[in-house]
Amino acid sequence: MTDQNFNEIKQEALLLQKQLAEHNYSYHVLDDPVISDAEYDRMMKRLLEIEEQLPELATPDSPTRRVGAPPLTSFDTADHSVPMQSLDNAFNDQDIIDFHNRVAKLLGTSEIRYTVEPKLDGVAVELRYEQGILTLALTRGDGTTGEVITDNARTINSVPLKLTPPPGGGGGKNLPGFLEVRGEVIINSRDFETLNKNRLEMDEPLFANPRNAAAGSLRQLDSKVTARRPLEIFTYGIGIARGLGFDSHSGLLDTLKTLGFRINPEIRTGLTVNEVLDRFKELEAIRENLPYEIDGMVIKVDDIAHQNALGVKAKSPRWAIAYKFPAMEETTVINDITVQVGRTGTLTPVANLEPVSIGGVMVARASLHNMDEIQRKDIRIKDTVLVKRAGDVIPKVVKPVTAKRTGDEEVFVMPDSCPVCHSPVRRLENEAAVKCINASCQAQLKQRIKHFVSKAGFDMDGLGAKLVDQLVDREVIHSFAGLFTLDKDTLAAMDRMGDKSAGNVVRAIETSKRVPLKRFLFALGMDHTGDSAALLLCEAFSTLEAVMAATKTEIEAIDGIGPKTAASVVMFFENQENRAMIEEMVRNGVIIEDHQALVNGPGEGEGEESQKSVFSGKTVVLTGSLTTMTRSEAKKRLQEQGAKVTGSVSKKTDILVAGESAGSKLTKAQSLGVTVMDEEELTEQLNRG
Ligand code: I6G
């Protein structure tokens with residue numbers, strides 16, 4: 001290679017390094033991508049090619065270092081220049097007031113301002129920069145000595161490989177010659193879910209929580225593995241910093257930001273002690289809407305002169321404290337495992353726990369989801385287990401504490417018949433759930449009937465939830481078919497039903513007997529068969545007889561219908577009790593209209609003026625579980641109707657769709673006066689839109 005050639009390639013490499021570093025910063029630190037992922041990948045590929053050819057160009061700060069280095073056989077250790085201390089903990093407001101009083105007394109003034117930051121639940125690390133280049137990364141370790149994880153830290157996109165020179169010219173000359181920056185490495189909650197989902201598919205052990213996932217990912221001897229993990233960093237402090245000047249903690253954070261570090265946007269500065277307490281309550285309220293897990297708030301005296309005057313104790317500074325949220329994980333004992341039957345017949349094993357207070361809420365039950373989950377986690381009856389409660393999510397058993405096993409624990413066996421109706425249960429192909437497929441099963445009946453009579457089903461006006469509950473509890477009806485023989489006297493005998501309303505219900509039932517095939521299929525409440533799947537079935541088969549005779553392969557061949565829906569439809573119609581129930585409905589006067597293809601515009605609701613969807617231009621949040629469609633189906637349909645679907649409730653939210661077990665998002669929406677819709681209304685409005 002000629003000198004001229006070499007120089008040209010070197011210039012190309014330097015330009016690519018600079019551009020890739022800038023794009024990386026825009027994407028991962030500023031959260032504001034400038035170019036497409038594909039373009040970034042192309043530039044990275046070209047730089048890798050050049051550096052492979054001319055390894056001397058692969059400097060330690062080259063963006064190619066982010067893909068990982070050759071594996072190590074063990075981690076070296078190194079001392080922190082300044083020990084990484086821990087923080088004292090506070091658990092209530094009084095602890096914070098005591099802290100403030102101590103600080104005020106030592107400083108001789110109560111004019112103290114604080115900076116507060118969310119306490120991220122991750123892994124503490126220290127990054128060393130010499131002449132602006134990342135040269136060493138250490139885990140916190142015991143605070144004095146940590147493990148050298150430099151190759152791994154380089155793979156974290158929000159860790160700068162090279163400091164950004166502060167504005168005002170001077171380029172590299174303005175950079176600190178030696179700087180140690182401390183921060184927390186985390187995996188955000190959504191990435192954690194995806195990571196575990198992929199591990200489940202690959203039959204790899206799951207991480208118990210994002211913190212363990214971050215720690216496990218940072219401690220990989222092969223940094224190429226770390227590079228594939230979605231690690232992020234937020235920085236919050238320093239060790240040694242030569243050539244930097246600031247007189248407050250908030251000033252330090254600003255400086256770190258200008259040097260290219262990621263600083264948490266939830267940090268607040270200049271607060272009085274009372275404002276600190278208010279901010280804690282705020283953080284507690286928004287905690288579950290944050291994209292990452294936090295376990296409290298760190299409070300720091302802002303003035304560095306004050307910090308220096310206060311000094312440090314053996315293990316922790318006197319100028320900072322961690323105000324912890326009530327623990328959301330506790331250990332308790334599984335007294336028994338029972339089985340619950342849901343609307344669609346799914347048998348859900350539930351852990352009956354020795355009641356335990358988690359974050360101020362008594363928890364006595366936790367869903368174990370399904371048999372696969374129980375086996376994977378090896379959860380046994382009488383096990384001591386770690387239970388986690390998070391926001392509006394149902395408490396979950398994280399893992400057994402195997403060290404506490406005595407040998408008396410019992411392995412749980414899923415029943416092979418429904419615990420309520422005793423029909424045999426079935427496990428669907430490729431699904432973890434075991435189901436009772438008897439549509440008349442008492443436990444499912446109430447919920448099924450509510451779905452059956454809903455607007456998108458038979459639309460029996462006046463047959464509300466309370467009336468359905470009574471009719472099932474008093475054993476007046478045992479199946480869908482029984483609805484069509486209800487008479488006025490029987491209905492009038494129910495609580496809160498007068499003659500007039502009984503008459504109205506009878507009329508509504510009579511009118512509902514003529515039903516389009518699409519509504520009929522929806523009303524049956526087959527698993528994975530919401531109204532869009534029902535429409536696709538109608539379009540493919542036109543008549544109920546044809547749907548009932550269809551094979552799984554035929555149904556699966558319909559564009560838009562997946563194998564789960566196909567299996568569920570076939571299984572439903574294979575069941576003799578379900579077939580008998582349909583025959584009985586027909587004997588009781590139900591007329592199922594064949595599907596008519598829409599040739600001249602709308603059939604149902606013909607003549608109605610075409611209306612704009614209620615969701616058009618609205619910001620919608622989905623919470624809780626939906627039973628007739630998946631979340632992504634709901635999201636897609638809402639977006640098709642012009643809605644913006646977001647993850648958290650705020651003043652900007654127009655509509656909250658609250659499915660089953662909706663929790664604090666619902667409470668928040670109610671407190672903000674946001675319109676709340678249940679699943680039934682969602683379906684109805686989507687069908688109109
Ligand atoms: O462990 C910690 C987490 C977060 C900290 C910390 C922090 O600031 C946001 N700050 C200090 C000073 C220490 N530990 C010792």
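Because the structure is predicted, anything quoted here is derived from the model rather than measured. The figures that follow rest on heavy atoms only: side chains count, while hydrogens, waters and symmetry mates do not.
In this structure, CG on Leu517 lies 7.5 Å from CD1 on Ile592, to the nearest 0.5 angstrom. Distance CE/Met414 to CG/Asn370: 7.5 Å, rounded to 0.5 Å.
Counting only distance, with no hydrogens or angles, the side chain of Thr653 and the backbone of Ile655 share no donor-acceptor pair below 3.5 Å. In this structure, the side chain of Gln641 engages the main chain of Leu686 through a donor-acceptor pair within 3.5 Å. Although no hydrogens or angles enter the test, the distance criterion places a donor-acceptor pair under 3.5 Å between the side chain of Thr565 and the main chain of His528. Within the 3.5 Å criterion, the main-chain N or O of Gly122 finds a donor-acceptor partner in the side chain of Glu184. Between the side chain of Arg365 and the main chain of Leu353, no donor-acceptor pair closer than 3.5 Å is present. Not one N or O on the side chain of Arg268 forms a donor-acceptor pair closer than 3.5 Å with the backbone of Val116.
Side-chain polar atoms of Asp459 and Ser512 form no donor-acceptor pair below 3.5 angstrom. A donor-acceptor pair shorter than 3.5 Å can be found between the side chains of Asn264 and Tyr292.
Taking the salt bridge (charged side-chain N to carboxylate O under 4.0 Å, His left out) definition, one finds that Glu193 meets it with nothing, sequence neighbours left out. When the ring-ring contact (aromatic ring centres under 6.0 Å, His included) test is applied to Phe484, the partners found at least two apart in sequence or on another chain are Phe458. Residues satisfying the side-chain hydrogen bond (donor to acceptor under 3.5 Å, both in side chains) test with Gln447, not counting sequence neighbours, are none. Glu554 pairs by the salt bridge (charged side-chain N to carboxylate O under 4.0 Å, His left out) definition with nothing, not counting sequence neighbours. Considering only residues two or more places apart in sequence or on other chains, Arg507 meets the salt bridge (charged side-chain N to carboxylate O under 4.0 Å, His left out) condition with none of them. Contacts of Phe280 classified as ring-ring contact (aromatic ring centres under 6.0 Å, His included), with partners at least two apart in sequence or in another chain: Tyr323, Phe325.
The pair Arg211-Asp295 fails the salt-bridge criterion, with no side-chain N (NZ, NE, NH1 or NH2) lying under 4.0 Å from an Asp/Glu carboxylate O. Remark: Asp527 engages Lys435 in a salt bridge, criterion side-chain N to carboxylate O under 4.0 Å. Checked for salt-bridge contact, Glu373 and Arg376 meet the test: a charged N lies under 4.0 Å from a carboxylate O. Taking a cutoff of 4.0 Å between a charged side-chain nitrogen and a carboxylate oxygen, Glu266 and Arg279 qualify as a salt bridge. For the pair Arg637 and Asp531, the salt-bridge criterion is met [side-chain N within less than 4.0 Å of a carboxylate O]. Note on Arg427 versus Asp372: salt bridge recorded, some NZ/NE/NH1/NH2 to OD/OE distance being below 4.0 Å. A salt bridge links Glu232 with Arg262: the closest approach of a Lys/Arg side-chain nitrogen to an acidic carboxylate oxygen falls below 4.0 angstrom.
Within the 6.0 Å centre-distance limit, the rings of His451 and Phe522 are counted as a close aromatic pair.
What you find for Cys418 and Val341 is that their closest heavy atoms are SG-CG2, 4.0 Å. In plain terms, the two heavy atoms of Leu467 and Gly462 that are nearest each other are CD2-O, 4.0 Å. The two residues Arg229 and Leu195 have their closest heavy-atom pair at CD-CD1, 3.8 Å. The two residues Cys436 and Leu347 make their nearest non-hydrogen contact at N-CD1, 3.7 Å.
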Check the pair Asp469, Arg474 against salt bridge (charged side-chain N to carboxylate O under 4.0 Å, His left out), reporting the backbone distance first and the verdict last.
CA-CA 8 Å; Asp469 285 347; Arg474 299 191 192 184; over 6 Å; no
Checking side-chain contact (heavy atoms from CB on, under 4.5 Å) for the pair Thr675/Leu656: CA distance, chi angles, key distance, verdict?
CA-CA 6 Å; Thr675 304; Leu656 178 86; over 6 Å; no
Let me see the working for Lys644 and Asp654 under salt bridge (charged side-chain N to carboxylate O under 4.0 Å, His left out), right down to the final yes or no.
CA-CA 10 Å; Lys644 181 177 167 205; Asp654 296 303; over 6 Å; no
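A cation-pi contact links Arg199 to Phe207, judged by a cut-off of 6.0 Å to the six-membered ring centre and 45° from its axis.
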